[in-house]
Number of protein chains: 2
Amino acid sequence: MGKQMTEMLKGTLEGIVLALLTGKPAYGYEITTLLRARGFSDIAEGTVYALLVRIEQKGLVDVEKRPSEKGPPRKVYTLNAQGEKELDEFWNTWSFLSERLEQLRKGGK
Amino acid sequence: MGKQMTEMLKGTLEGIVLALLTGKPAYGYEITTLLRARGFSDIAEGTVYALLVRIEQKGLVDVEKRPSEKGPPRKVYTLNAQGEKELDEFWNTWSFLSERLEQLRKGGK
DNA sequence: TTCTACTACTTAGCGCTACTATGTACTAGT
DNA sequence: ACTAGTACATAGTAGCGCTAAGTAGTAGAA
């Protein structure tokens, strides 16, 4: 992964994962796969698990352990009310930053 | 500054400053002012100066010291060829991230 | 004269987040 | 027995923005 992308993901990766979780609960390994499918092909597994621990401790998700047919039990994460609120704020922050940057890119004002 | 914004600025603030420098050299204090005028009202002075030291050491800018009528001498930063290249890569990285996020926001695929 | 305010730059220490590397554990196929 | 895929966990590292405090120069108010 490029160093630039690594730095840029700080702060956004959490929002990305919360967004992935809206409407459809998922477990860690699955989330890693989803991220890779969306183009974040070099996201490290460890990064995702650490992030999941973090958002669980912040109370943004509910967790349920379910057996898997193919390996160790899965930890399924579901976005809760607080998580949705956090995601809302994330989109606001993102919009702000995104607008300023597009303005800058167009040599704007 | 919100904690979210602080984290999101990691990796992007450098690009923002390089973008501000395209075409028109500027000194630290001035850059801080420009950032604030563009909506980044809570950027800490120390953050900007530290960033400038960094991009100078990376060789992305040329520096010239000029006297000021109103205080200590100014350090004027000019984007050089390597800096322009870095800025190019920054926009590529940004575009990638931005596209994935807009796709996600629209509940897309 | 002293004090305040603005200009202008510097730096040590902190917190947060993504990465590296490694390990554990379970299942299925060869 | 061995390999590969599934699934999770975590100690240590590096990078970046922030906090806080400092230095230094000029000008105007008290």
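Chain naming here is simple, since letters A, B, ... match the order of the sequence lines and numbering starts at 1 in each.
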For [N], take OP1 and OP2 only and decide whether either is under 4.0 Å from a side-chain N or O of [X].
X	N	result
A:Y49	D:dC8	yes
B:S68	C:dT7	no
B:R54	D:dG17	yes
A:K65	D:dA7	no
A:Y27	D:dC8	no

Once you round it to whole Å, what is the distance between [atom2] of [N] and [atom1] of [X]?
X	N	atom1	atom2	answer
B:E30	C:dC9	CD	C1'	14 Å
A:K70	D:dC8	NZ	P	14 Å
A:M8	D:dG17	CE	C1'	15 Å
B:Q57	D:dA14	CD	C1'	16 Å
A:E7	D:dG15	CD	C1'	5 Å
A:F90	C:dT17	CZ	P	13 Å
A:I55	C:dT17	CD1	P	12 Å
B:M5	D:dC16	CE	C1'	16 Å

Comparing B:Y77 and B:G71 on DNA chain C - which has the more 5′ nearest nucleotide: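 With B:Y77 and B:G71 compared, the 5'-side residue is B:G71.
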
Relative to the 5' end of DNA chain C, which residue comes earlier, A:P72 or A:A50, by the nucleotide with the nearest heavy atom?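 Upstream on the strand: A:A50.
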
Nearest heavy atom decides the nucleotide; on that basis, is A:K10 or A:R74 closer to the 5' end of DNA chain D?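 Mapping each residue to its closest nucleotide by heavy atoms, the 5'-most match is A:R74.
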
Can you identify which nucleotide, out of [options], has its nearest atom closest to the [X] side chain?
X	options	value
A:E14	D:dG17, D:dC16, C:dT17	C:dT17
A:K58	D:dG15, C:dT7, C:dT17	C:dT17
B:Y29	D:dC8, C:dA8, D:dC16	C:dA8

Select base, sugar-phosphate, or nothing to describe what [X] touches, counting heavy atoms under 4.0 Å on all strands.
X	result
A:T47	base
A:G46	base
A:L13	sugar-phosphate
B:E69	sugar-phosphate

Between [Y] and [X], does any NZ, NE, NH1 or NH2 come within less than 4.0 Å of an OD or OE carboxylate oxygen?
X	Y	result
B:K58	B:E14	yes
B:R38	A:E99	no
A:E56	A:K75	yes

How about B:L52 and B:V17: do any of their side-chain heavy atoms sit closer than 4.5 Å? yes

Do A:V53 and A:L60 land in one hydrophobic cluster if side-chain heavy atoms of ILVMFWY residues count as linked below 4.5 Å? no

For B:T32 and B:E45, run side chain to side chain donor-acceptor pair (under 3.5 Å): C-alpha distance rounded to whole Å, both residues' side-chain angles, the deciding distance at 0.1 Å, then the answer. CA-CA 6 Å; B:T32 304; B:E45 252 195 295; 5.4 Å; no

